[in-house]
There are 2 protein chains.
Amino acid sequence: MPSSTDTAWVEHALAALQDAGYRRGGARTVVVETLAGHDCAVTALGLDEELRRRKPAVGRASVYRTLDQLEELGLVQRFEASRGIASYERVNPSGHHHHHAICRRCGRMEAFEDRGLERSIARVSDQVAFEVAEHDVVLRGLCERCAS
Amino acid sequence: MPSSTDTAWVEHALAALQDAGYRRGGARTVVVETLAGHDCAVTALGLDEELRRRKPAVGRASVYRTLDQLEELGLVQRFEASRGIASYERVNPSGHHHHHAICRRCGRMEAFEDRGLERSIARVSDQVAFEVAEHDVVLRGLCERCAS
DNA sequence: ATGACTGCAAAGCCTTTGCACGCAA
DNA sequence: TTGCGTGCAAAGGCTTTGCAGTCAT
């Protein structure tokens, strides 16, 4: 099910980039628009591959550079899906988000959300001597298909 | 505060390795013993550096190979502390464990534990269509020192 | 004696950096 | 016009693999 592009996030992100002093470059805009079309995490290399075969091809360096900038501004969140594989997912300004269960055999990823879990994390974040900006929860094991 | 070595875990791990059909090699044993001396996560490269300057020096490959084997057997848990930095922590057979808050600026790591959080995760693990074997929670932000 | 275990060095992989050219402002 | 943005190729950094010698069993 190819989800529709989150245009609100595109505008939000482009505005934030501009506010941060970045110019409106072509590659950067394409990366933002492409991320907006994914509801769940994408690997950096997967995104690169996807953009490599576009009409005005986007260079790998631009993909990585843009992802870094977006992460720095809190517009996307980075996490490691599998060994050494960086994945990125856009951050919803509303704060609403999900987490992932990842299959250690095939890499399949399932998203889930739980208010109780979020509450627990919020509570713990207050108890720790850190200014917590984000959190990440990953469940690892075998997906239905690999377990059987 | 250099914690004392967890000898119970060493025996547990060595026995599990033997049961899995591994022979009792020198390098492997040293890696296990060294891990037992760390109460919190160690990076693979840090462990390598630590073992490199031992009397019978342990090779880097052996460190990585052993960590893989231990992870496969569920004796240690692997997670990404900072960008592209693999960290390992021994798994207590009792199931008792902690999670981490990591400073995005200096990398400082603080461990914390919370029963409510564990309960939330256990509940969510049951709701997901996965055979969840382990979970990982990371809080990212600024540590007290970097925030001020 | 047999095959696993090791260390070293080389290769792999993902990611980052250097540089010259193009484009936004 | 200025200097940020971009693509390409090269370099980096962590991890894995190939191989020959060594050691456990």
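Here is the naming used below: chain letters follow the sequence lines, and residue numbers restart at 1 for every chain.
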Asks: Just the rounded figure in Å: distance from P of C:dC8 to CG of B:D48.
Replies: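 So the two atoms are 10 Å apart, to the nearest Å.
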Asks: May I have the distance from B:L51 (atom CG) to C:dC5 (atom C1'), rounded to whole angstrom?
Replies: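 Answer to the nearest Å: 16 Å.
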Asks: In terms of heavy-atom contacts, does CZ of B:R83 have more than 12 from other residues, nucleotides or ligands at under 6.0 Å?
Replies: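 Correct, the count exceeds 12.
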Asks: What is the distance, rounded to the nearest whole Å, between atom CG of B:L67 and atom P of C:dC5?
Replies: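 Result: 15 Å.
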Asks: Starting from P on C:dG7, measure out to CD on B:E49 and report it in whole angstrom.
Replies: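 Spelled out: CD on B:E49 to P on C:dG7 is 17 Å.
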Asks: Show each protein N/O and nucleotides 11-15 of chain C N/O combination with a separation under 3.5 Å, one pair to a line.
Replies:
{"unit_1": "C:dC14", "atom_1": "O3'", "unit_2": "A:G84", "atom_2": "O", "d": "3.4"}
{"unit_1": "C:dT15", "atom_1": "OP1", "unit_2": "A:A86", "atom_2": "N", "d": "3.2"}
{"unit_1": "C:dT15", "atom_1": "OP2", "unit_2": "A:Y64", "atom_2": "OH", "d": "2.2"}
{"unit_1": "C:dT15", "atom_1": "O5'", "unit_2": "A:Y64", "atom_2": "OH", "d": "3.3"}

Asks: Could you tell me if the ring centre of A:F79 sits under 6.0 Å from that of A:H100?
Replies: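 Yes, close enough.
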Asks: Can you tell if the side chain of B:R60 reaches within under 4.5 Å of the side chain of B:R52, non-hydrogen atoms only?
Replies: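 Yes, side chains in contact.
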Asks: Under the criterion side-chain hydrogen bond (donor to acceptor under 3.5 Å, both in side chains), which of B:R123, B:H135, B:H96 is the partner of B:E118?
Replies: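 Among the candidates, only B:H135 passes.
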Asks: Under 3.5 Å, which N/O atoms of the protein pair with N/O atoms of nucleotides 18-25 of chain D?
Replies:
{"unit_1": "D:dA24", "atom_1": "N3", "unit_2": "B:R23", "atom_2": "NH1", "d": "3.0"}

Asks: Please report, rounded to the nearest Å, how far the P atom of D:dC14 is from the CD atom of A:E80.
Replies: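 It is 14 Å, rounded to the nearest whole Å.
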Asks: Under the criterion side chain to side chain contact (heavy atoms under 4.5 Å, CB included), which of A:D48, A:L51, A:V76 is the partner of A:V31?
Replies: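 Among the candidates, only A:L51 passes.
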Asks: To check you understand the geometry: which heavy-atom pair defines the closest contact between A:I102 and A:A81, and what is its length?
Replies: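 Looking at all heavy atoms of both residues, the shortest contact is CD1-O, 3.6 Å.
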Asks: Could you give the CG-to-P distance, from B:D68 to C:dT6, as a whole number of Å?
Replies: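 In whole Å, C:dT6 P and B:D68 CG are 13 Å from each other.
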Asks: Within this structure, what is the CG-CZ distance for the pair A:L70 and A:R90, rounded to the nearest 0.5 Å?
Replies: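 One gets 12.5 Å once the value is rounded to the nearest 0.5 Å.
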Asks: Is the shortest side-chain heavy-atom distance between B:V138 and B:D136 below 4.5 Å?
Replies: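 Sidechains of B:D136 and B:V138: in contact.
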